[in-house]
Amino acid sequence: MEKRDGVVVASASSPPRRRWRAALPFLAVLALWQAASSLGWASAYLLPPPLRVARAVAVAASTGELGRHVAASVLRVVEGFGLSVALALPVAVLASLAPGLAAAFNPLFSFVRNVPPLALVPVLILWFGIGEASKVALIVLASFFPIFMGTVTGLGNVDPRLVEMGRSVGFPRRRILLRIMIPESVPSVVNGLRLGLGYSWRALVGAEMVAAASGLGYWILDAEEMARVDEVFAGILTIGVLGLVIDRAAFALASRLLPWAGLEAQWQA
Amino acid sequence: MAGLSLVGVSRSFRVDGRVIRALDDVDFELAEGEIAVVVGPSGSGKTTLLRVAAGLESRDEGRVTLGAGTKIGFVFQEPRLLASLTVEGNVSLGLGSRKAEREGAPRVREALELLGIAGFRRAYPSQLSGGIAQRVALARALVRDPDILFMDEPFSALDAPLRRRLQDELLEILASRRTSLAFVTHDLREAVYLGDRIVALRSGRVVSDEAVGLARPRESRSEGFARLLDSLALSLGARPEEDGS
């Protein structure tokens, strides 16, 4: 950090250098994987060579199978995560405004939070059937709490001196919430959203492995039953790549919308 | 009426089971256009006095009278800027209501220019130095066009040359308005340099309340300045070099 005419200017390493640094661990794992296959450290059935997996991805892409599974999974995440955001944000604001109510509900929330969402799959199937509703409900259960906790933590950690500043300029309670507390809690909310998105993805794939006719989880399980290990790995890779792409896209969008929030350090953690 | 009057004000706090009497039967007056500096060592109750007067703190006893419709501005020891807003956004917060913010762009620009920070209007607080950030806080208070400005040790975290420059800028700004100023400091030199009147507090009680008869601009090496400094130090039981603490 350097200071120029009263303004602190951040200095950072160049983007190509950072990209290269981020690619290195991937390349190392790929090299190790190829070596394990070429040198016979692992059997091709347990660990198919990278090229065979790449071919499986290419074949699935050319037949449209990959696109169909990705679209089904992404749509479920969009629905479930969107519903979670719509529920968790207002509930978190309400909990922050009414700490007594929040304290009363805290044990119940802790109880639900500590039950792994996948343990609820049989119940959700009983209640909602094997259609989309049970999968969306599972995503909501998995992603609600990170978003809720991120928002509650953010609102609770707003510097009380800023709230007092709001009072000094005559802000009523509602305006203090809208103008000071919510904007100041954004970095923590964004962190909760990011975690919630990751949890959505994980829960979804689990749900698709139990009861689905499409989606990446289904594709992996189906390939395993047919002993197509290269497709199993292709499905795993696709999930990882999609997760990474969504995470980077979310970072790019958040950094653009919230340049002041210092999200870079948070995202690199 | 833009004056302020506190009569017989007391305020206690409970700290670790002990009751601390921060203000004990304090009287304080601030006339229109006057600069009253409240001075005293740490824990003397000067910040509590300012906060009670501005309505940020309740009182246990006594009366606070503020003219009807009197607008106040408060500058804290720290700038208290919102990280999510640019300098311009932070200053516009001072306008108070949403409607005033919508219509207040010219007033915000004027305040930024007055404080010499128009060039920083799109910067975020994390990009600002301490001096600029404190100017933004002052602009946020002044954009309200306050009748009374309360300032709680606003320059204490700044280095001496910058503090001196901001003191001069503050006097210049006040000279062009009818704004009254209640200014808290532990620095006796700052008190004598700025004040029309100096109220000295010790253990929550007013130990002296004197008008400063020195002409402006004040020279800290002048005989009158030094005499006043000595007299204040005597009231507070401290040497001037100790800055009253």
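We use all heavy atoms of the structure for the numbers below, so side chains are in, but hydrogens, waters and symmetry mates are not. Letters A, B, ... mirror the listed sequences (proteins, then strands); counts begin at 1.
Contact annotation for B/A54: neither backbone nor side-chain heavy atoms come within less than 4.5 Å of a heavy atom of chain A. With a threshold of 4.5 angstrom between heavy atoms, B/R80 approaches chain A through its backbone and through its side chain. Only the backbone of B/S97 comes within contact range of chain A, with at least one heavy atom under 4.5 Å from a heavy atom of that chain. With a 4.5 angstrom heavy-atom cutoff, A/P259 touches chain B only via side-chain atoms. Using a 4.5 Å cut-off between heavy atoms, B/R135 makes no contact with chain A at all. Of the two parts of B/Q77, neither the backbone nor the side chain holds a non-hydrogen atom closer than 4.5 Å to a non-hydrogen atom of chain A. In this structure, the portion of B/L81 lying under 4.5 Å from any heavy atom of chain A is its backbone and not its side chain.
Between A/F81 and A/S200, the shortest heavy-atom contact is CD1-OG, 3.6 Å.
Remark: side-chain polar atoms of A/S84 are paired, donor with acceptor, to backbone N or O of A/V140 under 3.5 angstrom. Not one N or O on the side chain of B/Q167 forms a donor-acceptor pair closer than 3.5 Å with the backbone of B/E190. Counting only distance, with no hydrogens or angles, the side chain of A/S188 and the backbone of A/S185 share no donor-acceptor pair below 3.5 Å.
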Point to revise | Derivation and outcome, side chain to side chain contact (heavy atoms under 4.5 Å, CB included), residues B/F155 and B/L170 | key: CA-CA 11 Å; B/F155 309 139; B/L170 177 66; 4.3 Å; yes
Stepwise side chain to side chain contact (heavy atoms under 4.5 Å, CB included) check, B/V64 with B/L4:
CA-CA 8 Å; B/V64 177; B/L4 165 75; 4.1 Å; yes
Q | Chi angles and distances behind the side chain to side chain contact (heavy atoms under 4.5 Å, CB included) call for B/L194, B/F183 | A | CA-CA 9 Å; B/L194 292 176; B/F183 190 102; 3.6 Å; yes
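The interface of residues 89-120 of chain A with chain B, defined by heavy-atom distances below 4.5 Å, is empty. Residues of residues 146-167 of chain A lying under 4.5 angstrom from chain B, judged on non-hydrogen atoms, are A/R161, A/L162, A/E164, A/M165, A/R167 in numerical order.
Among pairs with a residue in residues 179-205 of chain A, none fulfils ring pair (Phe, Tyr, Trp, His ring centres under 6.0 Å), at least two apart in sequence or across chains. Note on residues 106-133 of chain B: pairs passing salt bridge (Lys or Arg N to Asp or Glu O under 4.0 Å), not counting sequence neighbours, are B/E88-B/R121.
Within a 6.0 Å sphere centred on CZ of B/R177, other residues, nucleotides and ligands contribute more than 12 heavy atoms. Around the CZ atom of A/R174, the shell of radius 6.0 Å holds no more than 12 heavy atoms that belong to other residues, nucleotides or ligands.
A cation-pi contact, defined as under 6.0 Å to the ring centre and within 45° of the axis, links B/R164 to B/Y193.
Side-chain contact between B/L138 and B/L149 is present, with heavy atoms from C-beta onward closer than 4.5 Å.
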